[in-house]
Number of protein chains: 2
Amino acid sequence: MAEDWTDRHVARWKDHWLDLAFDEAVEGVFVRVNRIDRYLRRAKQRAVAEVGLTDFEYDTLHVLMIRDTPGSASPTELATELGVSGAGMTGRLDGLEKAGWIRRIPAVEDRRRVIVEVTKAGMAIWRQAMDLRGRAEDDLAEALTERELATLNRLLKKVTVRSEEREG
Amino acid sequence: MAEDWTDRHVARWKDHWLDLAFDEAVEGVFVRVNRIDRYLRRAKQRAVAEVGLTDFEYDTLHVLMIRDTPGSASPTELATELGVSGAGMTGRLDGLEKAGWIRRIPAVEDRRRVIVEVTKAGMAIWRQAMDLRGRAEDDLAEALTERELATLNRLLKKVTVRSEEREG
DNA sequence: AGCGAATACTTAGGTGGCGAAGTATCCTCC
DNA sequence: GGAGGATACTTCGCCACCTAAGTATTCGCT
């Protein structure tokens with residue numbers, strides 16, 4: 001197979017930094033993981049922009065939709081899952097609410113709480129973006145046979161399992 | 001093997017969004033790629049913080065060091081490789097220069113240009129961070145046998161090759 | 001019952017980053 | 001050789017996000 005960016009990266013590394021110990025295969029795997037993630041991030045950004053959402057608006061709608069209780073959550077839950085601060089979440093929700101994609105409902109049983117709920121419009125635009133985004137992923141996946149895809153999935157899972165052990 | 005975050009994610013998906021067509025294997029692969037990248041990003045952040053660098057300071061030093069001409073580049077080249085704007089680059093370099101990790105040298109043959117050069121201190125702290133960071137990667141890679149690692153690398157490359165075709 | 005700690009969210013102040021405009025320098029072509 | 005455009009970097013105004021402090025409410029303990 002022709003070389004990819006990662007091959008060139010690893011070759012350069014070997015030339016210039018002989019003294020820094022490193023395993024080519026390990027470096028190759030993780031650099032490629034990073035390149036794939038980066039590519040998909042950009043593809044997502046394009047897809048999402050096409051339907052008229054910013055990256056972070058889509059992300060917020062997305063975690064709101066893929067929960068056990070789809071379309072409904074507290075700001076704190078969303079913030080945790082998105083890896084943003086509570087303050088950041090307030091800002092995002094302000095924007096989403098103003099755009100009409102979510103609404104804030106005061107919780108009756110605990111008046112400190114707020115329930116974030118997606119609106120019909122929010123759900124519709126999220127679905128549009130999802131669809132476009134899925135196409136980019138499917139397109140990439142076509143580089144592999146079904147069998148290869150299954151193997152890749154199995155090996156990646158061994159790695160994620162370990163990473164989740166490390167995180168506790 | 002026990003289930004990981006991705007298994008739970010895919011299961012939830014199937015329960016709640018039956019109507020949105022999606023391929024489990026494809027979704028599994030790309031969600032795991034994202035989870036691994038996310039884990040390593042955080043591991044890097046911890047490693048880098050330990051030696052006293054912020055994330056973006058390290059990133060900047062890093063691309064500066066792994067070039068064909070290690071330790072020397074123009075701001076524009078760095079900005080392109082880091083995916084930040086020219087303006088953002090100016091800001092980063094201001095900080096790095098103030099901290100004493102790089103210096104700006106006016107280019108003599110073309111006085112519009114500036115040459116960014118790493119200092120001894122900058123190189124030293126980058127190496128420290130590199131070392132710590134490599135350990136997190138090696139630790140993850142130990143989840144796989146050497147043979148599995150090679151297979152994983154081969155399959156990932158098929159995907160990166162396609163992604164690079166798409167980018168032109 | 002009531003006081004202090006904990007919880008849920010919002011506001012305030014500061015930082016990195018972006019796009020666009022600005023400044024300086026170099027290249028092209030008549 | 002001089003005008004117009006391209007190039008390289010910086011400055012400016014704005015935005016999303018962070019940490020820390022603030023407000024409101026509920027829980028826990030005596």
Side-chain angles (χ1 to χ4, degrees), chain A residues 38 41-42 44-46 48-49 52-64 67 69 72-99 101-118 129, chain B residues 38 41-42 44-46 48-49 52-64 67 69 72-99 101-118 129:
Chain A
R38 180 194 179 103
R41 262 202 313 275
R42 294 195 180 167
K44 185 192 77 177
Q45 221 160 334
R46 279 194 299 273
V48 151
L53 286 171
T54 66
D55 215 33
F56 70 87
E57 285 171 337
Y58 170 79
D59 287 343
T60 311
L61 283 177
H62 191 65
V63 298
L64 185 54
R67 312 182 84 306
T69 56
S72 171
S74 75
T76 304
E77 287 166 341
L78 294 175
T80 305
E81 282 160 39
L82 284 161
V84 305
S85 70
M89 201 63 235
T90 298
R92 287 193 182 192
L93 293 176
D94 287 349
L96 287 169
E97 192 165 36
K98 207 152 140 191
W101 292 317
I102 60 125
R103 69 187 142 247
R104 279 189 252 227
I105 299 166
V108 284
E109 77 288 359
D110 181 347
R111 288 185 310 181
R112 290 169 304 180
R113 293 195 192 197
V114 167
I115 297 163
V116 179
E117 253 188 30
V118 75
Chain B
R38 180 193 179 106
R41 263 202 313 273
R42 293 193 181 167
K44 185 193 78 178
Q45 218 160 335
R46 279 194 298 275
V48 149
L53 286 171
T54 66
D55 216 34
F56 69 86
E57 286 171 336
Y58 171 80
D59 287 343
T60 311
L61 283 176
H62 191 66
V63 298
L64 186 53
R67 310 176 61 27
T69 55
S72 171
S74 76
T76 303
E77 286 166 342
L78 294 175
T80 305
E81 281 161 38
L82 283 161
V84 305
S85 68
M89 201 63 236
T90 298
R92 288 193 181 193
L93 293 176
D94 287 348
L96 288 168
E97 191 165 37
K98 207 154 143 191
W101 291 318
I102 58 124
R103 71 185 142 249
R104 278 190 252 225
I105 299 167
V108 285
E109 78 287 0
D110 181 346
R111 286 184 314 182
R112 289 169 305 180
R113 293 196 191 196
V114 167
I115 297 162
V116 178
E117 252 188 28
V118 74

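Note on naming: letters A, B, ... go to the chains in the order of the sequence lines (proteins, then strands), and numbering restarts at 1 for each one. What's counted below: heavy atoms across the whole structure, side chains too, no hydrogens, waters or symmetry copies.
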To the nearest angstrom, how far is [X] atom [atom1] from [N] atom [atom2]?
| X | N | atom1 | atom2 | result |
| --- | --- | --- | --- | --- |
| B:D110 | D:dT7 | CG | P | 12 Å |
| B:E109 | D:dA8 | CD | C1' | 12 Å |
| B:M89 | C:dG17 | CE | C1' | 12 Å |
| A:D59 | D:dA16 | CG | P | 14 Å |
| B:D94 | D:dT10 | CG | C1' | 9 Å |
| A:E77 | C:dA8 | CD | P | 9 Å |
| A:F56 | C:dG16 | CZ | P | 20 Å |
| A:L78 | C:dA8 | CG | P | 13 Å |

Nearest-nucleotide pick for A:R104, side chain only, options being D:dT10, C:dT11, C:dT10:
C:dT10
Closest approach to the side chain of B:T76, judged atom by atom: which nucleotide of C:dT10, D:dA8, D:dC18 is it?
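The answer is D:dA8.
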Do A:D59 and A:R92 sit within salt-bridge range, that is, some charged N less than 4.0 Å from a carboxylate O?
no
Quick test of your reading of the model: are B:E97 and B:R103 salt-bridged, counting only N-O distances below 4.0 Å?
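Judged by the 4.0 Å cut-off on N to carboxylate O distance, B:E97 and B:R103 do not form a salt bridge.
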5′-ward residue of the pair A:A87/B:G86 relative to DNA chain D:
B:G86
Report yes if a donor N or O on one partner sits less than 3.5 Å from an acceptor N or O on the other, where the partners are the side chain of A:R111 and the base of D:dT25; otherwise report no.
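Under the 3.5 Å cut-off, the side chain and the base do not form any donor-acceptor pair.
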A:A129 versus A:V48, closest heavy-atom pair with distance
CB-CG2, 4.1 Å
Please name all residues satisfying side-chain hydrogen bond (donor to acceptor under 3.5 Å, both in side chains) with B:E117, sequence neighbours left out, ordered by chain then number.
none
So, is [X] close to the [N] phosphate, meaning a side-chain N or O under 4.0 Å from OP1 or OP2?
| X | N | result |
| --- | --- | --- |
| B:R113 | C:dC26 | no |
| A:R92 | D:dC17 | yes |
| B:R112 | C:dC26 | no |

So A:G91, base contact, sugar-phosphate only, or nothing? Heavy-atom distance under 4.0 Å.
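Nothing, no heavy atom under 4.0 Å.
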Between B:E57 (side chain only) and B:T54 (backbone N and O only), is there a donor and an acceptor less than 3.5 Å apart?
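Side chain of B:E57 to backbone of B:T54, a donor-acceptor pair under 3.5 Å: yes, one is there.
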